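One structure below.
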Amino acid sequence: MAALKMGFYAISVFLICYYIANGEPCTRIIENLHYSCMGRNLSSIPSSIPSSVQTLDFSFNFFLQLKKTIFPVLSFLRVLDLSRCHIRQIENDAFYNVKNLTTLFLTGNPIIYFAPGCLNTLYNLQRLVLVDIGLESLQLNINNLTKLQELNVGTNYIQSMTLPPFMTTFKDFSLLDLHANNISIIRTDHTVVLREIGRNMTLILTWNPLLHIEPGAFKDVYLRQLDIRSAFVSFSAQKAALKALHGLNVKRLIFGKYREDNGFHFVDNDVLDGLCCFNFQEVSYYVLESAKTTIAIFRCMINATRITVKGGNIFKMETVHFHKTKELYLINNGLGTLPTKQLSHLHTLEKLEITHNSEPIFAEPFTDLPKLQYVDLSDNQLKIKHCCSTLLSGTPQINYLNLSLNSEISVDVGGFEGLDSLEILDFSYTRVVRIGYLSVLSNLKNLRYLDVSYSSVTFSNIFCFLGLSSLNVLKMAGNNFQGNVAKYVFNNLTLLEHLDMSFCHLVELHTSSFKYLQRLRHLNVKGNYLIKIDFLTHPNLKQLTSFYVEKNSITAIPLHVLQNLPMNLSEFDLSFNPIDCSCSQTDFMLWIINNQRVLKQPENILCKTISPNSDFRVTDFDIDHCVYKKKLIIVLPVFCVVFIVVLSILVYRFQFYLRYFWILLRGYRSPGQQECSYDAFVIFSSYDEAWVMNELMENLENGVPPIQLCLHMRDFQAGKSIASNIIDEGIMGSRKIIVVVSQHFIDSSWCRFEFELAQSRFLMERNANIIIIILEDVAERKTKKVIGLHKHLKKNTYLKWSRDPLSNMRFWIRLRKAIVATKQ
Amino acid sequence: MKTYFNMLLFLILGLVQMDRAHSQDPQWPLHTICNSNKLTVTYRSCVISDPLQDVGVSFLPCPNKLTDPTTVRIAFILRQSITEFYSSIKLFLNGLHVWGVDEPLCLPQFPRFTFCGSRRGEMITFEMLIKSKVDLPLKGDFNLMVHGINQDGFQIACVNATLSFW
């Protein structure tokens, strides 16, 4: 029972700790200031939130009911996000403890009960977002919110845009967002308060089912922006509504369609005549309607200073005379002809953008536009044969010209005359003719930015950039260089800082290419076939900070290049090169591993491998393995030398035995195959020669029958080595071996050698016979010095010499018998 | 004895809590949009680590042929704002990529759709009429993957759909 009790306590403590650990669900974004408790299924403010918090994201939690006790005192809280907190009721004083809020989000809460004064404690509120909360009216009790600037009540069920009368005191009010509501009628009395509020208002009525606007409802109303995109239930409703806007003064008008609004077709060509009934300075028209015939779009826009028409199907623009237009944007309108007639001689035009026409477009010259500075004609399927005089004339102020993403442009010599102010020129992804082999850009002394990327240019003339003395950025990716033009083509670009030569099929870059580029800071040569980057050590490239050489053919960079890289280099992209990860490049790989701060994408610096499927990173290479290998390279020769020396010593030491084995291997001859030359080979010390000559030889060779002996001082062949004589004539050429053992015999190394060889033959033949004569008594311990002698004496019968006549006679009889007995 | 009961209750509640947390289904449910003898369309919202949400998709009506007009309706709740919004659509047949399109739907200067610029917490409902100009005799199982990404790189919505043509 006690153990059970203790177990329960332990588990309880664990569970308590578990819940406490779970009690810190909010993410601290800025300590003491900004916290996010988004999506934590909370129903109260955690105590871990400090009282100093200024921004609190409490979206996607559970409150159900907001009352005063929900929030602790958070005097410094400015931004509170309660989106999607399942709030149904908001009681009075619910925001009392956070009364200093400036921004409150209540998006997506199904609020069914608003207490009358629940928001009125927020005296400092500037931005109130009540999107998608089920609102049916704008009659809110917010009269104390005199500092309110923005009210967003989009996606609700509001049917009238009537504002409460007290809002006339909201002097800072500037945005009313009523998008996606149920407003179908706007009457004059609905806009009374709107007329009283200041002139800096933005009104958003997008995505409402507007049926009718009472004529004059917006008379004397001043707005900064009016957005009525997709605000009308039908085309005719829009047509009538535009006319009903007479008397309105708006700075920026936005109308037309959203993309998902299934548009209707134009039925009249005067559908936009209502635009003539009110005043606007800027207009954006998102068309999406399709027209069977030419319609009048611009007729009532000619007094606007900024005109944007997007998504129309104009093809041919009607003839109008613009008066005050400064900026004109025609985007994705299916134009078949540039509106040069309509725009030429428009002295107010400063900015022109005609882009995204998917059909081929015919170009005629724009003429007499003295204030035009910005021209963007990109993505138009343009074909221009004589650029640029046939496109722009009388336009001396142009500093931006964008002709990218077009079909083909031929640049004439002198083609940029009259465009001396040009600073930015973009031909990217447009096929350009003549730039690469003629000096067609020579008068563009102010040009700072030139982009001819992917323009099918082959640079074959070293003077093609002549005159571009101010060029700062040059992008020429995806083009070609002929011969050694790349060596000299940049010679005049002394102010160049950014050079992009990616995907230019470069195999080599010489240092002379950068001779004059002392200000170069960004160099991009990715996607080429470079093997060396030695040019990087050129002293003139000391300002270089970025170098991109990814996707080239670099296998290794020598150490002297790595040690002389530009000092300011802080971004070096070497990825996707076939790096040689072998021990011969240890310095290079160590440099890569130690300089990952500078290297971009070091994880993509891969080793060249035989298998195309395996990716092995340089950073994963084991340098220690190479160090071990180097040590091995040092140790191995030393070991070999030592081995050879030791082997030589051993060979010398055992030369006699080696020779013997060699003779045996060369061809062993059995005694039966060849008659032996001698009856016995006598092994004896030189000191015992007297006995051998006087006693042994006299008794055996002069006796009857005579016995032929082999004696080394008499029978060995001259000129033959002693070892060979011992083996060939002695041991191999004799039937018997007589060993004369004496003290001198024991001490002689030659005798020991001969005896050992004799024993070897005995082992191999088995019928060999060794006869041992003990000439004098030898201490037993000494016989052990000779390998096998002691053992032999113990196992075999031996003869002992004596001067006693009787023993002497018996000695000779036995010796002769031993030799002769096996002769047959 | 009363203390023991409280502890036991506490223990059981804790175990239930932990068990529920561990056994939570890591996948969104499989939805069926169309189920006719000509076309079957099912989809499942992708599991995104954060934020988690499901996507509602419907076809009205289910087309029998590609040339039949149908309205696609998509609905989901935003968990991040979409000042900018980019879509990626990929179509696979038997694991092979057969068609794809990446398109910016919302850009700061050109909000093409009503939902452009919407903030977190708002419900996005999107309808579009779709009709193919060419009646391709499609057979087999197609996999459709749709992603939506906002200006900060957050994955706003993600759907894996299977279209089976008979």
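Keep in mind the model is a prediction, meaning the values are calculated, not measured. The analysis underlying the following values was restricted to heavy atoms, covering all of them including side chains, and did not include hydrogens, waters or symmetry mates. Here is how names work: the chains are called A, B, and so on, in the same order as the sequence lines, proteins then strands, and each is numbered from 1.
Within 6.0 Å of the NE2 atom in A/His34, the count of heavy atoms belonging to other residues, nucleotides or ligands exceeds 12. In the displayed structure, A/Lys351 atom NZ is contacted under 6.0 Å by more than 12 heavy atoms of other residues, nucleotides or ligands. Surrounding CZ of A/Arg78 are more than 12 heavy atoms belonging to other residues, nucleotides or ligands, all under 6.0 Å away.
Proximity to chain B (any heavy atom under 4.5 Å) is shown, for A/Thr206, by neither the backbone nor the side chain. With a 4.5 angstrom heavy-atom cutoff, A/Asp81 touches chain B only via side-chain atoms. Contacts between A/Asp177 and chain B at a heavy-atom distance below 4.5 Å are absent for every atom of the residue.
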Practice item. With side chain to side chain contact (heavy atoms under 4.5 Å, CB included) as the test, would you mind laying out the steps for B/Met123 and A/Thr155 before giving the verdict? Key: CA-CA 9 Å; B/Met123 170 80 73; A/Thr155 318; 5.9 Å; no
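Considering all non-hydrogen atoms of both residues, B/Leu78 and A/Phe60 come closest at O-CZ, 3.5 Å. In terms of heavy-atom proximity, B/Gly121 sits nearest to A/Ser83 at CA-CB, 4.2 Å. Considering all non-hydrogen atoms of both residues, B/Pro111 and A/Tyr286 come closest at CD-OH, 4.4 Å.
In this structure, OG1 in A/Thr107 is found 9.5 Å from CZ in B/Arg120, a value given to the nearest 0.5 Å.
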